[in-house]
Amino acid sequence: MADIRFSEEQIRRYSRHILLQGVGGKGQRKLLGASVLLVGTGGLGSPAALYLAAAGVGKLGLVDFDVVDLSNLQRQVLHHTHDIGRLKVESATTAIHDINPDVQVVPHTVRLSSENALNLVAGYDIVLDGSDNFPTRYLVNDACVFKSKPNIHGSILLFHGMATTFLPGKGCYRCLYPVPPPPGTVPSCQEAGVLGVLPGIIGIIQATETIKLILGIGEVLSERLVFYDALTMEFKEVKYKRNPRCPVCGEEPSITRLIDYEEFCGLR
Amino acid sequence: MKKFMDLRGTCCPYNWVKVKLELEEVDNGDQLEVLLDDGEPIRNVPRSVTQEGHALLKVTPEGEHFRLLIEKRGEK
Ligand SMILES: [Zn+2]
C-alpha cells in the first residue's frame with residue numbers, strides 16, 4: 001500500500017487530508033488500506049458510512065438484512081425516497097459509491113447471529129456498532145472481545161445518546177451492562193421515537209473515532225463514555241475501567257461462546 | 001539524491017500537496033528542486049515548506065517562474 005502512488009484525482013479528492021499535519025499522504029494511505037465493518041445501516045450507520053466513505057476508508061462491510069421503509073427516512077440518510085422497498089445494503093452501496101468510487105463495499109445481507117458474527121468480525125480491522133437492538137449489540141460486543149477487535153459503540157433513544165470506543169483489553173459493553181435488560185423494560189426506537197438528527201451526532205462521533213484509530217492520532221474515547229443530550233446540548237463524560245469480574249472480558253469469564261438473546265420490544 | 005518537479009501551471013494548494021507528498025517519500029537531507037509559477041504559488045509554497053520544518057535552500061527567479069531548492073528535514 002505504501003508504494004502505491006496517488007492518482008491525480010486522488011490527490012485532489014484527498015487534498016484536505018494530505019494537507020493536514022498528522023495525516024498527510026501516509027495517513028491517507030492508512031485510510032485507503034483500512035477495513036471497517038458497519039453493523040447496521042440505519043440511523044447511526046448511515047452518517048458513519050457516508051463520512052467513512054468520503055474519507056476514503058478502503059473497505060466497508062455492511063451488515064443489514066432489512067429493507068428501506070418510509071419511516072426510516074426521517075434519520076437514515078444513506079437511503080432515499082426512491083429506495084423504499086430496496087435492501088438497505090443495496091441502497092447503501094449506491095449511496096457510498098456516489099460519494100466515493102474508491103471504496104470497496106462488501107454487503108452482508110444477514111441478521112447477525114452466533115453463527116456468523118465471529119467470521120464477520122474477523123474479516124475487518126475495526127467494528128462500528130450501529131445496531132438498534134440488544135441481541136445484536138451483545139453479539140457485536142462478545143465477538144469483538146473474542147476476536148480482539150476495537151468496537152466503536154453508539155446508541156440512541158428519544159433525545160439522548162452515548163458513544164464510547166471499546167479497545168481490546170480496555171473494557172467492553174458487558175463491563176458496563178453485564179446482561180441485557182429484561183424484555184419490556186427498555187423501549188425500542190419503534191415504540192419510543194427518536195429525534196432524527198440525534199443519530200447524526202452520535203454516528204459521526206463513531207466515524208471520528210474510527211478515523212482516529214486508523215490514523216493513530218489524538219485520543220480515542222477509550223475508558224470514557226460520552227453522553228449527549230440534544231435538548232440541553234450538553235455532553236457529559238463518565239470514565240470506566242475494565243471490570244475484572246466482567247462475564248466476557250474479566251479474569252474468569254463465564255461466557256466463552258456467542259449467545260443469541262431473544263428478540264423483544266416487538267422487533268421481530 | 002535530488003528530485004525535480006515541474007509545477008508550472010499547477011495551482012494552489014495542489015502544488016504544495018504534491019511537494020508534500022514527494023517530501024514524505026524521500027529521506028532526511030534529500031533535496032527537491034521545484035519550478036513554480038509567480039503569484040500565489042511563490043507566496044504560498046515556500047511558507048508551507050518552512051512551516052513544516054523543511055529547509056528552503058534557494059529561491060531563484062527564472063523569467064515568469066521561480067526555481068526552489070528544498071531540503072527535507074524532520075521525521076520520516
Ligand atoms: Zn467486559
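Chain letters run A, B, ... following the sequence lines, proteins first and then strands; every chain starts at 1.
Summarising the local packing, CD of A:E237 is surrounded by more than 12 heavy atoms from other residues, nucleotides or ligands at distances under 6.0 Å. Within 6.0 Å of OH on A:Y240 lie more than 12 heavy atoms contributed by other residues, nucleotides or ligands. In this structure, A:K170 places its NZ atom where only 12 or fewer heavy-atom neighbours from other residues, nucleotides or ligands lie under 6.0 Å away.
Among the residues in residues 40-47 of chain B, none has a non-hydrogen atom closer than 4.5 angstrom to a non-hydrogen atom of chain A. Using non-hydrogen atoms only and a strict 4.5 Å limit, no part of residues 56-66 of chain B faces chain A.
Annotation for B:L21 and A:G25: closest pair CD2-CA, 3.4 Å, computed over non-hydrogen atoms. When every heavy atom of B:K20 is checked against every heavy atom of A:G24, the shortest pair comes out as NZ-CA, 3.6 Å. Residues A:I11 and B:K18 come closest through the heavy atom pair CD1-CE, 4.1 Å.
When heavy atoms are compared at a cutoff of 4.5 Å, A:R12 approaches chain B by way of both its backbone and its side chain. With a 4.5 angstrom heavy-atom cutoff, A:Y14 does not touch chain B via any of its atoms.
Here the CG atom belonging to A:L19 is positioned 8.5 Å from the OH atom belonging to B:Y14, to the nearest 0.5 angstrom. Rounded to the nearest 0.5 Å, atoms CZ (A:R29) and CD (B:E24) are 7.0 Å apart.
Contact annotation: the side chain of B:E25 never approaches that of A:K26 to less than 4.5 Å [non-hydrogen atoms, C-beta and beyond].
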